Amino acid sequence: MTTTRFAPSPTGRLHVGNIRTALHNWMLARQAGGTFILRIDDTDAARSREDYVGAIRADLTWLGLTWDREERQSARLDRYEAAFAALRGAGRIYPCYETAQELDVKRKIQLSRGLPPIYDRAALRLSDADRAAKEAEGTAPHWRFLLDHAEPIAWDDGIRGMQKFDPAQLSDPVIRRADGSWLYMMPSAVDDIDMGVTQVLRGEDHVSNTAVQIQIFTALHAAGFAATESAAKMLPAFAHEALLVGREGKLSKRLGSLGCDAFRERGIEPEAIIALLARLGTSQPVEPIADRTALTASFDLATFGRAPAKFDEEDLERLNAGIVHQLPFEAVAARLPEGMDAAGWHAVRPNLAHVAEAAEWWGLVTGPITQPDFAEEDKAFLAEATRAFEQLEWRYPDIYPELWKTLTQILGRTTGRKGRALFLPLRQALTGMDHGPDMGELLPLIGESEARARLAKAAGIA
Ligand code: GLU
């Protein structure tokens with residue numbers, strides 16, 4: 001049973017990078033008929049905010065990324081306490097007393113000698129008496145997880161292929177602060193075990209965290225921490241996607257602040273965002289696919305490349321137009337101008353880049369419109385058009401779509417005009433515009449008496 005999770009820290013709004021991770025995890029779960037968990041990583045009480053939790057939920061809902069279960073780290077502190085006790089009992093956690101400044105000095109010295117800034121495990125060498133002295137001074141310890149240096153850490157990454165880390169090249173991570181609060185590293189692994197997460201898909205900025213977390217998983221399994229038999233053995237499958245960069249190929253500040261509010265304000269449809277983010281950075285073509293089920297079915301980690309995925313706002317605009325052209329009336333009805341019906345939507349839809357523009361085109365139907373000044377020759381042609389207009393059968397709505405064709409055929413015969421000379425003055429007279437939605441669809445919407453009046457006015461005979 002596939003279980004994935006999206007684990008945002010509620011310290012800000014979701015940006016496109018987060019949305020992409022959420023989407024991919026949602027797709028993995030939906031594709032397999034599995035479970036998608038929204039996990040709020042709120043162990044950092046100082047930076048986590050309830051309004052951000054609400055905004056994360058609202059954004060995911062707007063995007064249609066429904067979750068089957070919500071979990072919160074702040075509600076699971078007893079489990080972290082239990083995991084801590086289990087790891088400590090197994091000798092995998094040790095207290096440290098260095099101040100931030102001391103650690104900083106150590107790092108600087110290492111760097112100045114050309115050495116990697118790896119924690120030197122000085123705290124491991126403290127005697128009981130040393131520790132007692134520190135505590136007597138009133139220094140509370142912070143806690144590190146003791147990495148096992150015996151063997152390389154390896155996993156077959158769903159995107160990056162075989163990954164290998166020498167644990168000796170990593171610092172033992174601090175997992176708990178001196179005030180007792182938790183850092184990200186251990187609670188995340190504890191949650192993945194307890195929640196039966198089978199696939200962890202996240203950004204490549206987490207690759208080295210995965211190396212550490214694999215050891216935390218294994219140590220917790222060995223300590224008999226997992227609640228169930230199956231959880232006691234299982235390591236999730238890991239995959240790390242290349243980061244999203246701006247069009248110019250750099251990690252851009254702009255992307256970090258680009259989220260659902262900005263998209264909504266610009267009239268970008270959730271389906272356009274989904275269509276773009278589902279395939280960006282993969283070998284599959286980015287197309288305006290409005291059918292999420294189809295996108296989900298074709299989602300495949302094997303198609304992901306290792307190069308950063310370029311997020312281009314122009315691509316998004318292009319996709320948005322493509323998506324808008326496919327949206328059914330029911331999907332947009334609430335956002336359309338008063339009185340605009342399914343036929344109206346169908347008529348204007350191909351001319352829109354954003355749904356909100358429907359109102360401008362609808363104004364051509366409801367009027368008033370501003371006609372151009374016609375040359376005498378065109379006025380004569382339009383006078384002829386008012387006569388041809390009287391031959392149209394407005395009694396049978398099922399032939400309304402044919403009215404425009406009939407009108408132009410009659411006029412073509414009677415005036416000898418064709419092409420632009422035939423169509424443009426008619427369009428201008430009926431809509432006041434040189435271009436726009438299909439006249440075959442617009443004419444019945446404008447309606448018999450209004451269309452007649454517009455033609456007569458343009459011909460100067462009204
Ligand atoms: N809260 C972490 C983050 O936002 C979650 C990482 C993970 O998926 O484990 O980066």
Side-chain angles (χ1 to χ4, degrees), residues 2-29 34-50 52-53 55-57 59-60 65 67 69-77 79-80 83 145 153 155 157-160 163 165 170 173-177 181-217 220 234-244 251 255-260 277 301 304:
T2 297
T3 300
T4 64
R5 84 299 194 275
F6 171 52
S9 309
T11 54
R13 295 292 300 262
L14 298 184
H15 55 72
V16 308
N18 307 134
I19 294 170
R20 175 168 174 252
T21 307
L23 170 67
H24 293 170
N25 279 288
W26 182 86
M27 286 184 150
L28 279 179
T35 303
F36 174 59
I37 301 175
L38 170 60
R39 188 184 86 198
I40 304 293
D41 279 5
D42 59 349
T43 52
D44 187 341
R47 289 177 60 228
S48 296
R49 276 172 38 184
E50 205 49 39
Y52 287 137
V53 176
I56 288 167
R57 289 193 198 110
D59 286 348
L60 292 178
L65 302 180
W67 55 102
R69 211 167 125 189
E70 184 176 318
E71 298 282 355
R72 285 183 86 124
Q73 292 197 320
S74 58
R76 294 178 38 79
L77 300 180
R79 283 304 280 164
Y80 309 146
F145 175 75
I153 306 166
W155 76 92
D157 193 282
I159 292 171
R160 298 163 62 87
Q163 301 291 296
F165 275 81
L170 301 168
V174 177
I175 58 167
R176 193 172 198 177
R177 298 186 189 89
S181 65
W182 301 101
L183 282 118
Y184 156 79
M185 202 65 89
M186 191 200 75
S188 180
V190 169
D191 291 347
D192 289 340
I193 292 176
D194 280 352
M195 295 165 200
V197 171
T198 58
Q199 266 167 297
V200 171
L201 171 60
R202 53 192 177 191
E204 66 182 11
D205 49 331
H206 284 288
V207 169
S208 64
N209 288 343
T210 295
V212 169
Q213 285 173 333
I214 284 177
Q215 283 216 354
I216 296 181
F217 271 103
L220 284 169
M234 202 194 68
L235 266 188
F238 291 95
H240 298 85
E241 37 192 33
L243 297 182
L244 215 51
L251 271 177
L255 290 190
S257 61
L258 200 56
C260 290
L277 295 180
L301 290 183
F304 277 77

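Keep in mind it's a predicted model, so treat the numbers as computed, not measured. Nothing fancy with the numbering, it's 1 onward along the sequence. Whatever order the structure lists them in is the order used to number ligands and atoms, beginning at 1.
- If you check which protein heavy atom lies closest to atom 10 (O) of ligand 1, you get His206 NE2, 2.9 Å.
- Among Asp205, Asp41, Thr4, Asn25, the residue whose heavy atom lies closest to atom 1 (N) of ligand 1 is Asp41.
- Contact annotation: for Phe6 versus ligand 1, there are no heavy atoms closer than 4.0 Å.
- With a 4.5 Å cut-off on side-chain heavy atoms, Arg5 and Met195 do not count as touching.
- Applying the 6.0 Å contact sphere to CZ of Arg47 captures no more than 12 heavy atoms from other residues, nucleotides or ligands.
- Between His206 and Tyr184, the angle of the ring planes lies from 30° to 60°, which puts this pair in the tilted group.
- The distance from ligand 1 to the heavy atoms of Tyr184 drops below 4.0 Å at these ligand atoms: 2 (C), 5 (C), 6 (C), 7 (C), 9 (O).
- Residues Thr210 and Phe165 are not in side-chain contact: their nearest non-hydrogen atoms beyond the backbone lie 4.5 Å or more apart.
- Distances between N or O atoms of Ala7 and those of ligand 1 include at least one value under 3.5 Å.
- Among protein heavy atoms, the minimum distance from atom 8 (O) of ligand 1 is reached at Arg5 NH1, 2.7 Å.
- Nearest approach of Arg202 to Ser188, heavy atoms of both residues: NH1-OG, 4.4 Å.
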Verdict with reasoning, Asp192 to Arg39, per salt bridge (Lys or Arg N to Asp or Glu O under 4.0 Å): CA-CA 10 Å; Asp192 289 340; Arg39 188 184 86 198; 3.2 Å; yes
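- Listed by number with element, the atoms of ligand 1 under 4.0 angstrom from any heavy atom of Ser188 are 9 (O).
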